[in-house]
Amino acid sequence: MPVGTTIFSHILPVILGFFGILLIISGLLDEKKELWVIGIILFICACIFPFIILSAIL
């Protein structure tokens, strides 16, 4: 197994998901659609990102 798989499978998705949820909450509370949409996109990227990167690496 390559060394960088832990970064792509455990660390980056957690960071992206955390900031995605923060942006979703902030966008809903401040009634800013831009933050809400960016948060949803970040959260979806956090869910899909490991599958795309790890299938390319392995």
Side-chain angles (χ1 to χ4, degrees):
M1 272 226 197
V3 177
T5 57
T6 303
I7 294 171
F8 293 117
S9 66
H10 289 87
I11 297 172
L12 285 178
V14 171
I15 293 171
L16 289 176
F18 176 73
F19 284 116
I21 289 175
L22 284 180
L23 286 173
I24 291 170
I25 292 170
S26 179
L28 287 175
L29 291 177
D30 293 341
E31 296 180 1
K32 293 183 179 178
K33 287 273 191 188
E34 302 87 27
L35 292 177
W36 187 72
V37 171
I38 293 171
I40 290 176
I41 291 171
L42 269 178
F43 193 79
I44 291 172
C45 287
C47 295
I48 297 173
F49 186 69
F51 295 107
I52 294 171
I53 297 297
L54 291 176
S55 64
I57 290 175
L58 300 176

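All values below were derived from every heavy atom in this structure, side-chain atoms included, with hydrogens, water molecules and symmetry-related copies excluded.
Note that the CG atom of Leu28 and the NZ atom of Lys33 stand 8.5 Å from one another [nearest 0.5 Å].
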Distance-only donor-acceptor hits, side chain of residues 7-21, under 3.5 Å, sequence neighbours excluded:
unit_1 : atom_1 : unit_2 : atom_2 : d
Ser9   : OG     : Thr5   : O      : 2.7

Would you give me the side-chain donor-acceptor pairs under 3.5 Å for residues 34-55, sequence neighbours excluded?
unit_1 : atom_1 : unit_2 : atom_2 : d
Ser55  : OG     : Phe51  : O      : 2.8
Ser55  : OG     : Ile52  : O      : 3.0

